[in-house]
Amino acid sequence: MRKLGNTHTGATGVTRRGFLIGMTAAGVSFGFPRTWAAMDPATPNGAVLPDAAQVYEPSLWYSIDSAGKIKVNIIRAEMGQHVGTSIARILAEELEADWQDIEIIHVDSNEKWGLMVTGGSWSVSQSWSVYRQAGAAGKTALLEAAAKQWNISPSKCQAIKGKIVYGNKTLSYGELVATGLSRQFSEDELKALPLKANKDLSLVGHHVTSLDIVNKTNGNALFGIDAKIEGMVYACPILPPTRNGSSVASIDDSAAKSIKGYQQTLALDDPSETAPGWVMVIASSFYAAQKAAKKVKVTWQAGAAASVSEADFMAEGRKLIQDPKQGAILDTGSHDTDTAFTQAASSLEQEYLTHTVLHAQMEPLNALAFLNSDKIWEVHSGCQWQSLTLPSLAAALGVTEKDIIIRSYLLGGGFGRRLNGDYTVPAALASKALGGKPVKMVLMRPEDLQFDSPRSSSVQLLKMAFDQDKKVSAMEHHAAAGWPTKVMVPVFMPKGTNGESYDPFSISGADHWYSVGAQKVRAISNELANSSFRPGWLRSVGPGWTGWAVESFMDEAAHHVGADPLTFRLDHLIAEGRNAGVEPISIGGAARQAAVLKKAAAMIGWGQAQAPDTGLGIASTFGQERDMPTWVAVAVQVHVNKSNGLVTVQKLHVAVDAGIIVDPDGAEAQCQGAALWGLSMALYEGTEFVNGKIKDANFDTYTPLRLSQTPEVKVEFIPSTAAPAGLGEPATTPVAPAIANAIFNAVGVRLRSLPMTPNDVKAALAKA
């Protein structure tokens with residue numbers, strides 16, 4: 001294994017950006033380096049299958065060997081969404097490959113891949129044009145090579161299922177590669193390549209077998225927790241009393257020495273301040289490390305958050321919102337709302353809350369780290385954001401990012417938790433303390449939850465002004481929460497119209513597509529939350545709370561003016577100006593959101609009479625950012641038991657417009673999972689900080705949705721020719737407000753805090 005370094009193209013003159021279709025010159029490979037490890041999830045041991053004698057790499061993103069096998073390089077993490085299959089089929093579509101010849105390779109970290117991140121529902125959307133162009137380039141090169149052999153024009157040839165055909169003559173892709181291909185393309189040439197018309201797509205939008213499904217179902221799939229290296233030892237962490245600012249005062253491991261296999265206890269020295277105050281118990285086996293850790297006594301000097309609890313975060317959020325000087329103002333066109341509110345015939349104002357939510361992914365956090373024989377630090381773990389994790393590891397280990405490689409593994413659930421790769425740092429530091437020896441760390445569930453980067457609690461204040469005709473003249477949305485982007489990657493933060501930076505992932509969704517006259521959106525960072533723990537990106541991120549507030553408030557606004565909630569929404573979804581949308585993804589804008597609302601309403605039977613204490617609710621959001629919207633509407637039917645406060649969701653119907661649907665089965669599964677995740681957070685999930693620590697340590701008290709609580713779920717997609725948008729998260733966001741709106745229609749009480757517990761329902765009924 002050789003040391004990772006900068007990848008330069010030398011004489012070819014292709015920039016790193018040009019690597020989208022870097023080509024193979026004689027003796028130079030710009031694609032997947034065969035001497036480095038990576039993962040093929042279709043093989044029992046995850047090993048990449050060897051290439052045939054010759055290989056042509058028309059692009060950084062894939063290769064074709066002389067046996068006709070095509071390896072598609074995937075930089076996105078696989079955590080159950082079959083992202084490799086989706087991206088590979090985009091490439092195979094334009095390449096006109098035989099699906100049987102496709103292999104997917106989840107690559108290890110390397111700067112040549114650019115930004116390595118799996119989140120934001122970006123994967124397919126951001127891969128769409130890149131892999132289509134790459135596939136078209138390979139097809140063009142193969143057509144030209146065959147035409148040259150036959151001494152005809154390439155326009156007379158066809159590419160069909162891995163072969164070039166002219167009349168009764170055929171040449172397979174493998175045969176053409178065996179002749180030696182060296183065709184390359186400039187970026188301008190790439191953009192000029194013709195792509196298939198939507199009507200001609202045969203893989204995209206059609207059913208194919210997911211390439212990783214067999215090993216996931218037979219138990220051969222390799223997840224981070226399965227990583228093994230000869231000679232490794234196990235580390236069991238003992239966590240400090242606060243996430244930040246704790247330091248070890250003393251360690252007494254005398255009792256642990258009686259445990260067979262126990263070796264030593266380390267107090268980590270962490271220059272990156274990722275895991276301050278961590279103690280690692282080292283043993284020859286996982287069991288021994290766990291058993292010994294229970295006998296080690298540690299005392300700490302706790303950080304400042306030891307006296308901070310959830311109520312403090314809420315109080316701070318309210319205080320910040322009341323200070324008009326706080327926060328960033330988003331560009332929403334006209335945001336001068338003062339005049340409209342001064343002249344309003346009536347107005348509406350409500351506060352909405354969300355409490356701390358944990359990721360609680362199925363596979364607990366884990367990492368294996370060591371210094372290999374080439375003096376490269378290897379970190380074996382499932383990771384959603386390698387480009388963010390590498391700098392933390394480099395700072396902790398005191399090396400450069402080029403001296404570290406993150407090996408790819410499947411993820412047993414991510415939901416945003418593994419965007420923050422902080423869990424790799426303690427394993428790496430323990431290995432460094434042991435001279436580079438392989439150290440494997442696996443967190444048990446209590447430690448996994450305690451060390452989570454949870455979704456911050458939030459406080460939001462929404463206001464709406466109405467004129468004498470009951471028409472909306474202005475709207476304001478003020479949101480205060482802990483900001484993960486500010487804590488972990490502030491370079492991703494844009495500036496508002498007042499020059500203040502903001503976390504886009506903590507306010508997206510508030511800049512909605514409704515036409516409401518003057519519109520002010522203010523994003524406020526809760527610094528008490530930021531300093532007390534490490535806020536994280538959790539599936540749907542900011543829209544998980546902004547969508548909750550907007551769609552609950554739209555319902556309340558409809559009732560304020562005596563309008564049907566569906567009609568009120570449709571009347572304000574006007575595809576004009578900034579709400580008209582732009583190419584390639586958001587084209588159609590508000591009109592597409594109106595379409596999914598109408599669809600969801602038809603699916604649930606909106607307007608039909610309901611049984612006693614049963615009601616329908618509807619809500620609609622656009623998933624993530626305005627430049628990559630996925631229009632989703634959710635309609636639910638709920639029953640409320642007035643005696644015990646239990647809310648039963650009987651039907652959950654989802655209408656989605658995500659542009660072209662690349663993988664129909666995967667798309668439906670993702671929307672089902674996202675909607676049920678939204679249901680779980682609406683009624684069942686939620687915790688709080690008590691004296692700097694998460695209150696709930698395991699699933700006995702932290703209680704996500706159970707199978708018996710799962711309603712009838714239906715998902716329908718709106719046919720579209722627009723470019724694909726994301727699907728991993730958007731169906732999460734409208735579920736909670738739809739349920740709250742249904743509860744109101746069922747029993748006449750309005751809930752404005754998540755999760756909506758039976759006690760909340762009973763209290764609201766008692767107050768009513």
Using side chain to side chain contact (heavy atoms under 4.5 Å, CB included) as the criterion, list what pairs up with [X], not counting sequence neighbours.
X	value
Asp200	Lys196, Ala197
Ala367	Ser381, Thr424, Ala427
Ala42	Asp40

Donor-acceptor contact present, side-chain Arg706 to main-chain Pro704, <3.5 Å: yes
Check: Ala590 main-chain N/O paired with Gln593 side-chain donor or acceptor under 3.5 Å: no
Can you confirm whether the side chains of [X] and [Y] place a donor and an acceptor under 3.5 Å from each other?
X	Y	value
Ser202	Glu93	yes
Asn420	Ser453	yes
Thr621	Thr733	yes

I'd like to check the salt bridge (charged side-chain N to carboxylate O under 4.0 Å, His left out) partners of [X]; sequence neighbours left out, ordered by chain and number.
X	result
Lys69	Asp101
Arg592	Asp657
Lys599	Glu716
Glu729	none

From CA spacing to verdict: side-chain contact (heavy atoms from CB on, under 4.5 Å), Tyr131, Glu94: CA-CA 8 Å; Tyr131 282 83; Glu94 293 294 342; over 6 Å; no
Side chain to side chain donor-acceptor pair (under 3.5 Å) between Asn110 and Gln386, intermediate numbers included: CA-CA 9 Å; Asn110 190 320; Gln386 295 89 330; over 6 Å; no
When you compare the side chain of [Y] with that of [X], does any pair of heavy atoms fall below 4.5 Å?
X	Y	value
Ile660	Asn198	yes
Val596	Ile718	yes
Leu365	Arg417	yes
Pro41	Leu211	no

Under the side-chain hydrogen bond (donor to acceptor under 3.5 Å, both in side chains) test, residues paired with Glu685 that sit two or more places apart: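 Residues passing side-chain hydrogen bond (donor to acceptor under 3.5 Å, both in side chains) with Glu685: Ser680, Tyr702.
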Which side-chain N or O atoms in residues 665-678 pair as donor and acceptor under 3.5 Å with protein atoms at least two apart or in another chain?
{"residue": "Asp665", "atom": "OD1", "partner": "His207", "partner atom": "ND1", "Å": "3.1"}
{"residue": "Asp665", "atom": "OD2", "partner": "His207", "partner atom": "ND1", "Å": "3.1"}

Arg455 NZ/CZ over Trp537 ring centroid, <6.0 Å and within 45° of normal: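 Arg455 over Trp537 ring: no.
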Derivation of the side-chain contact (heavy atoms from CB on, under 4.5 Å) call for Val83 and Thr118: CA-CA 10 Å; Val83 67; Thr118 310; 5.6 Å; no
CA sep, side-chain torsions, deciding dist, call: Arg418, Glu363, salt bridge (charged side-chain N to carboxylate O under 4.0 Å, His left out): CA-CA 11 Å; Arg418 288 179 164 92; Glu363 179 193 8; 3.6 Å; yes
Listed partners of Phe492 passing ring pair (Phe, Tyr, Trp, His ring centres under 6.0 Å), at least two apart: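 Scan of Phe492 (ring pair (Phe, Tyr, Trp, His ring centres under 6.0 Å), adjacent residues dropped) gives Trp385.
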Listed partners of His380 passing ring pair (Phe, Tyr, Trp, His ring centres under 6.0 Å), at least two apart: Phe370, Tyr409
Pair Leu368-Ile229, side-chain contact (heavy atoms from CB on, under 4.5 Å): steps then yes or no: CA-CA 8 Å; Leu368 167 61; Ile229 294 292; 3.3 Å; yes
Test side-chain contact (heavy atoms from CB on, under 4.5 Å) applied to Thr179 and Leu181, step by step: CA-CA 7 Å; Thr179 66; Leu181 298 182; 4.1 Å; yes
side-chain hydrogen bond (donor to acceptor under 3.5 Å, both in side chains) partners of residues 157-178, not counting sequence neighbours, each pair once: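 Sorted result for residues 157-178: Ser172-Glu175.
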Audit row: Arg539, Gln361, side chain to side chain donor-acceptor pair (under 3.5 Å) steps and yes/no: CA-CA 11 Å; Arg539 191 176 190 177; Gln361 70 289 334; over 6 Å; no
